[in-house]
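Working notes for the structure below.
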Amino acid sequence: MEKVNLNDFVIDILQDLCEIQSIVQVLKNAVYNENSDIKMSDVGNTLEVITAKMYNINHSLNKYANIAFQ
C-alpha cells in the first residue's frame, strides 16, 4: 500500500484525538460552570461520543499496524 494511505490513517487518528481533547475540555467547563444547566444525559451522550471516537482510533491503529508491518 502507498505511503499516502498510511498517512491517512495517522491523520484520522490525530483528528480523533484532537476532537476527544476538545470534547473533554467542553465537558469539563460545563461541569465546573455554576451557571450551566448540564444534565446527566448530556454527560452520558458526551461520554458515548468519546467512546465511539476511541473505538475508531483503535480500529484505525489496528488497520495501520496490519498494513505497515506486513
Distance check, rounded to the nearest 0.5 Å: Ile50 atom CD1 versus Leu27 atom CG? 6.0 Å

Test: salt bridge (charged side-chain N to carboxylate O under 4.0 Å, His left out). Region: residues 58-70. Which pairs qualify, not counting sequence neighbours? none

Under the rule for side chain to side chain contact (heavy atoms under 4.5 Å, CB included), what residues qualify as partners of Ala68, not counting sequence neighbours? Leu6, Tyr64

Side-chain polar contacts of residues 12-25 - donor-acceptor pairs under 3.5 angstrom, sequence neighbours left out - could you list them?
unit_1	atom_1	unit_2	atom_2	d
Glu19	OE1	Lys53	NZ	2.4
Ser22	OG	Cys18	O	3.2
Gln25	NE2	Asn29	OD1	3.4

Taking C-beta and beyond as the side chain, do Ile67 and Phe9 meet within less than 4.5 Å on heavy atoms? yes

Linked, directly or transitively: Leu61 and Met54 (ILVMFWY side chains, under 4.5 Å): yes

Within residues 42-51 or reaching into it, pairs that qualify as side chain to side chain donor-acceptor pair (under 3.5 Å) - sequence neighbours excluded: none

Pairing residues for Asp37 by the side chain to side chain contact (heavy atoms under 4.5 Å, CB included) criterion, not counting sequence neighbours: none

Straight-line distance of Asp8 CG to Ser60 OG, nearest 0.5 Å: 10.5 Å

